[in-house]
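My structure is below; once you've seen it, I'll send some questions.
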Amino acid sequence: MRLIIMGPPGAGKGTQAAGVADQYGIPAISTGDIFRANVSEGTALGVEAQRYMDAGEYVPDEITNAMVRDRLAAEDCKPGFLLDGYPRTLAQVEVLDGILADAGTPLDAVLVLTVDSEELVQRLLARAQVEGRADDTEEVIRRRQEVYSEQTAPLIAVYGERGVLVSVDGMGEVDEVSARISAALAGVTT
Ligand code: B4P
């Protein structure tokens, strides 16, 4: 199974990705997590990525694309993968299209989680108290929402036209959302 999970910041992508990846025996690949791991290890990539992330901006496409290209070439992606938070721009879609076409491995589905914008802010402010992420202040959260609307929301139409979009209501308890996702993916043929 080759999947993408999309949605605005705080929609529950990372939360839900773990369960979906387990269910299908595939790795969940979060570009946000890879960036954060690099930031905490103090790598050159981390130093570069941090200044964008802390401001709520996207890390430049060249950096993100190269990182994903490497990750998808790893052995554990042979049975499939779940991309969490990638692609986020039209340029990233093009690069991913090229990677998948070269490998002859098309996407099976693009899962989109929909959540009200006020609920998103509340979830991220709650996460700020637990995890203390630098990008979970109200000001940066609002900026991340704007960046998502400008650069990532248009991708939904792109994948919609390709007939691979699976939209799921992300409101409610984590388990309720998980159950909706399982039901929606059960209808996807690989
Ligand atoms: P991400 O790590 O992807 O950040 P996110 O969108 O905030 O995470 P996510 O949406 O997975 O969080 P979740 O809902 O699970 O990216 C961070 C930054 O990295 C970006 O801003 C950008 O700078 C950079 N980046 C990443 N990918 C990039 C790319 N492709 N190109 C360029 N830059 C990139 O969780 C949110 C909170 O809600 C959690 O606390 C969770 O517990 C809670 N929650 C989840 N589901 C819930 C529910 N049903 N009810 C209540 N709370 C819930």
Side-chain angles (χ1 to χ4, degrees), residues 2-22 24-100 102-103 111 113 115 120-153 155 170 174:
R2 287 178 294 273
L3 299 169
I4 292 173
I5 187 164
M6 281 182 59
K13 301 183 294 291
T15 305
Q16 298 296 336
V20 174
D22 259 9
Y24 289 97
I26 53 178
I29 300 169
S30 158
T31 39
D33 283 350
I34 300 174
F35 287 135
R36 277 186 292 279
N38 276 275
V39 169
S40 56
E41 287 160 20
T43 67
L45 172 67
V47 171
E48 178 72 5
Q50 186 170 22
R51 47 197 192 102
Y52 297 100
M53 296 172 77
D54 285 357
E57 304 297 333
Y58 286 165
V59 177
D61 287 333
E62 312 80 70
I63 299 175
T64 311
N65 286 330
M67 192 176 83
V68 172
R69 186 185 294 279
D70 272 2
R71 182 65 187 87
L72 289 179
E75 194 59 31
D76 66 337
C77 293
K78 290 257 152 56
F81 51 78
L82 169 59
L83 283 170
D84 163 9
Y86 180 93
R88 264 174 153 102
T89 64
L90 290 167
Q92 293 179 11
V93 171
E94 274 179 39
V95 168
L96 179 63
D97 285 347
I99 295 171
L100 299 180
D102 288 348
L111 197 60
L113 292 177
V115 176
L120 293 171
V121 176
Q122 294 317 314
R123 285 184 189 180
L124 294 178
L125 289 176
R127 181 170 71 185
Q129 299 199 325
V130 181
E131 295 181 18
R133 261 173 59 170
D135 59 348
D136 278 344
T137 62
E138 183 149 4
E139 189 191 347
V140 178
I141 292 166
R142 301 269 180 211
R143 178 61 195 147
R144 286 160 64 201
Q145 288 187 326
E146 282 171 12
V147 173
Y148 176 85
S149 304
E150 286 160 15
Q151 301 197 44
T152 306
L155 275 52
V174 171

For this session: Would you list the pairs meeting side chain to side chain donor-acceptor pair (under 3.5 Å) in which at least one residue belongs to residues 7-20, sequence neighbours left out?
Result: Q16-S178
For this session: To the nearest 0.5 Å, tell me how far Q92 CD sits from I99 CD1.
Result: 10.0 Å
Throw together a table of side-chain donor-acceptor distances under 3.5 angstrom for residues 80-88, partners on residues two or more places apart or in other chains.
unit_1: Y86; atom_1: OH; unit_2: N65; atom_2: OD1; d: 2.5
unit_1: R88; atom_1: NH1; unit_2: G85; atom_2: O; d: 2.8

For this session: Under the side-chain contact (heavy atoms from CB on, under 4.5 Å) rule, collect the residues that match up with E150, sequence neighbours excluded.
Result: R143, E146
Exercise. Where do L155 and M6 come nearest, in terms of heavy atoms and distance?
Worked result: CB-CE, 4.0 Å
Problem set entry | salt bridge (Lys or Arg N to Asp or Glu O under 4.0 Å) against E139, all qualifying residues, sequence neighbours excluded | none
Problem set entry | Residues in side-chain contact (heavy atoms from CB on, under 4.5 Å) contact with R123, at least two apart in sequence or another chain | V115, E119
Problem set entry | salt bridge (Lys or Arg N to Asp or Glu O under 4.0 Å) involving D76 - partner list, sequence neighbours excluded | R71
For this session: Start with the C-alpha distance between T89 and V93, add both sets of side-chain angles, then the distance that settles side-chain contact (heavy atoms from CB on, under 4.5 Å), and finish with yes or no.
Result: CA-CA 6 Å; T89 64; V93 171; over 6 Å; no
Seminar exercise, completed: Applying side-chain contact (heavy atoms from CB on, under 4.5 Å) to I63 and not counting sequence neighbours gives F35, L45, E48, V59, P60
For this session: Can you sort out the partners of E41 under side-chain contact (heavy atoms from CB on, under 4.5 Å), two or more places apart, ordered by chain and number?
Result: A37, T43
Exercise. With a 4.5 Å heavy-atom cut-off, do P9 and I141 have their side chains touching?
Worked result: no
Exercise. With no hydrogens and no angle check, do the side chains of Y58 and T64 hold a donor and an acceptor under 3.5 Å apart?
Worked result: no
For this session: Not counting sequence neighbours, which residues clear side chain to side chain donor-acceptor pair (under 3.5 Å) with E94? List them please.
Result: none
Exercise. V20 and L3: side-chain contact (heavy atoms from CB on, under 4.5 Å), yes or no, with the steps?
Worked result: CA-CA 10 Å; V20 174; L3 299 169; 3.7 Å; yes
Seminar exercise, completed: When rounded to the nearest 0.5 Å, the distance separating SG of C77 from CD1 of I29 is 4.0 Å
Exercise. Looking at D136 and R144, does any basic side-chain N land under 4.0 Å from a carboxylate oxygen?
Worked result: yes
Problem set entry | Non-neighbouring partners of R36 that pass salt bridge (Lys or Arg N to Asp or Glu O under 4.0 Å), sequence neighbours left out | D33
For this session: Determine whether more than 12 heavy atoms belonging to other residues, nucleotides or ligands lie under 6.0 Å from atom CD of E131.
Result: yes
Exercise. Taking only residues two or more places apart in sequence, or in another chain, which ones meet D61 in a salt bridge (Lys or Arg N to Asp or Glu O under 4.0 Å)?
Worked result: none
For this session: Say whether, by atom type as modelled, one donor and one acceptor occur between the side chain of N38 and the main chain of I34 under 3.5 angstrom.
Result: yes
Seminar exercise, completed: For Y24, the side chain to side chain donor-acceptor pair (under 3.5 Å) test, sequence neighbours excluded, returns none
For this session: Search all heavy atoms of G25 against all heavy atoms of P79 and return the closest pair with its distance.
Result: O-CG, 4.4 Å
Exercise. What is the minimum heavy-atom distance between L125 and T137, and which atoms define it?
Worked result: CD2-C, 4.5 Å
